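Working notes, beginning with the structure itself.
This is a predicted model, so every value here is computed, not measured. By convention here, the first residue in the shown sequence is residue 1.
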Amino acid sequence: MSTGVHLPEELPLLQVLNDHFSRYPAMQVQDVYKLLHQASLGSEHAIPDPETARLRLEDELAHMGAGPAEPLFDPLP
């Protein structure tokens with residue numbers, strides 16, 4: 001049932017920022033910029049070709065430990 005309340009389109013972005021500031025209270029302006037940049041453009045600049053991407057992911061998986069109790073992904077609008 002609709003309440004008739006119109007939420008601004010920016011709400012998902014504000015929620016992402018709020019979540020990140022809650023999880024990373026020491027975030028600085030450059031961290032917000034990087035988050036917004038990756039949300040809008042992705043990380044394509046770091047992957048020159050699919051084979052390199054695959055090798056980097058395999059290497060990362062082979063060397064990562066259990067890690068902190070963090071969400072598996074951050075939904076970005």
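Taking CG of Leu14 as the start and CZ of Phe21 as the end, the distance is 11.0 Å to the nearest 0.5 Å. Summarising the geometry, atom CG belonging to Leu13 is positioned 8.0 Å from atom CG belonging to Leu35; distances are rounded to the nearest 0.5 Å. Here CE of Met64 is found 11.5 Å from CG of Asp59. Values are rounded to the nearest 0.5 Å. Note: Glu70 CD to Tyr24 OH = 4.0 Å, rounded to the nearest 0.5 Å. If you take NE2 on His37 and CD on Gln30, they are separated by 14.5 Å, rounding to the nearest 0.5 Å.
For the pair Leu61/Glu58, no side-chain contact is recorded, criterion being any heavy-atom separation below 4.5 Å from C-beta on.
Under a 3.5 Å cut-off, the side chain of His20 and the backbone N or O of Val16 do form a donor-acceptor pair. With hydrogens and angles disregarded, no donor-acceptor distance shorter than 3.5 Å links the side chain of Thr52 to the backbone of Pro48.
The existence of a salt bridge linking Arg56 and Glu60 is excluded, since no basic side-chain nitrogen approaches an acidic carboxylate oxygen closer than 4.0 Å.
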